[in-house]
Enquirer: 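Okay, here's the structure, questions in a sec.
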2 protein chains.
Amino acid sequence: MRKSSSTNLENELLINGNCGMAYTLDLIGGRWKPSILYKLLKGSTRYSQLRKTMPAVSERILILQLRELESDGVISRTVFPEVPPRVEYQLTDLGKSLEPVLRVLSDWGDANRV
Amino acid sequence: MRKSSSTNLENELLINGNCGMAYTLDLIGGRWKPSILYKLLKGSTRYSQLRKTMPAVSERILILQLRELESDGVISRTVFPEVPPRVEYQLTDLGKSLEPVLRVLSDWGDANRV
DNA sequence: CAGTATCCTAACCGATACTG
DNA sequence: CAGTATCGGTTAGGATACTG
């Protein structure tokens, strides 16, 4: 859905009838982004914890999706200067504002899937 | 986001944490599906009319997205036995039930895009 | 622990010519 | 009018080995 970088969102819109729906979908529509966001709704989470609960995704992809969410301002990344290193991901305010959106998507899916 | 055919939705879910969100996103998350659904919210629409309002999408892709929405039960296709042929697309009941979902997505996008 | 680097596949999307 | 057919490009996603 996404073209390449997250700076293409505007472009995306223009060719898509200038519809805000496309913007939202482009933000949360990645292959693993729903799962990530869903987990982060429950609070700040370590990288290793995300990995553990999503064994099907490869490391590269998980990082990639996290980076995209981060550069789109939906989540933020906190590095704790410890040994061994600790990194936690959490929703930004923008990310938190997505909660009703995510919930509607989740509810509709739960209600209508076979 | 989608694997290949629309019959893979269940599979999709299993690897995605069994989250209904992924199901919904897979249904409406195609490149042009938001635009299509948005237009169909206003009522039954001819193929040629869809084409006209979405000049950026190629015929093959438009048809493909329509077929996917159709096989997922979100829209239906009515052929009128006339010359020249007329085909109209409209939301099914399932499709109509998506309206609140689409609206939330649209509203959030309009409110938060730059 | 939390990532990169490298290489690879397949899905998705597109232009254009043609047809019932 | 409403599509197919054919071919081809781009990019999202993935497996695996390695590193600060």
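Chain identifiers are assigned alphabetically (A, B, ...) following the order of the sequence lines, protein sequences preceding nucleic acid strands; residue numbering begins at 1 within each chain.
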Enquirer: Base, sugar-phosphate, or nothing: which does A:Q65 touch, judged by heavy atoms less than 4.0 Å apart?
Expert: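 Sugar-phosphate only.
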Enquirer: Rounded to the nearest 0.5 Å, how far apart are CG of B:L98 and CG of B:L40?
Expert: 11.5 Å
Enquirer: Given A:I36 and A:T45, is the side-chain contact (heavy atoms from CB on, under 4.5 Å) satisfied, shown in steps?
Expert: CA-CA 10 Å; A:I36 295 171; A:T45 310; over 6 Å; no
Enquirer: Does B:R86 or A:E59 map to a spot on DNA chain D nearer the 5' end, using the closest nucleotide for each?
Expert: B:R86
Enquirer: For Watson-Crick and G-U wobble pairs within 3.5 Å on both distances, what is DNA chain C written in dot-bracket notation, | included for inter-strand pairing?
Expert: ||||||||||||||||||||
Enquirer: Starting at the 5' end of DNA chain C and moving along, which residue's nearest nucleotide shows up first, A:R67 or A:P85?
Expert: A:P85
Enquirer: Between D:dG3, D:dC1, C:dG3, which one does the side chain of B:Y89 approach most closely?
Expert: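 Nucleotide nearest to B:Y89's side chain: D:dG3.
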Enquirer: For the side chain of B:V87, counting heavy atoms from C-beta on, which of C:dA2, D:dA2, D:dG13 is nearest?
Expert: D:dA2
Enquirer: Counting only heavy atoms not in A:Y38, do more than 12 sit closer than 6.0 Å to its OH atom?
Expert: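 Counting other residues, nucleotides and ligands, OH of A:Y38 stays at 12 neighbours or fewer.
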Enquirer: Quick check: any donor-acceptor pair below 3.5 Å linking the side-chain of B:R60 to the base of C:dG14?
Expert: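 Flag set: donor-acceptor pair detected.
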Enquirer: If you group Ile, Leu, Val, Met, Phe, Trp and Tyr by side-chain heavy-atom gaps below 4.5 Å, do A:M21 and B:M54 land in one group?
Expert: yes
Enquirer: Which of the following nucleotides, C:dG14, C:dG3, D:dA2, is nearest to the side chain of B:S58?
Expert: C:dG14
Enquirer: When you get a sec, tell me which of D:dG13, C:dA2, D:dC1 is the closest nucleotide to the side chain of B:S48?
Expert: D:dC1
Enquirer: A:P84 has a side chain; which of D:dT4, C:dC1, D:dA2 sits nearest to it?
Expert: C:dC1
Enquirer: Rounded to whole Å, please give me the gap between CH2 in B:W32 and C1' in C:dC13.
Expert: 10 Å
Enquirer: Applying side-chain contact (heavy atoms from CB on, under 4.5 Å) between A:L69 and each of A:I28, A:L37, A:L64, report the one that passes.
Expert: A:L37
Enquirer: Hydrophobic clusters here meaning ILVMFWY residues chained together by side-chain heavy-atom distances under 4.5 Å, can you tell me if A:L50 and A:V79 are in one?
Expert: yes
Enquirer: Tell me which residues in residues 73-82 of chain B put a heavy atom below 4.0 Å from DNA chain D, sorted by number, or none.
Expert: B:R77
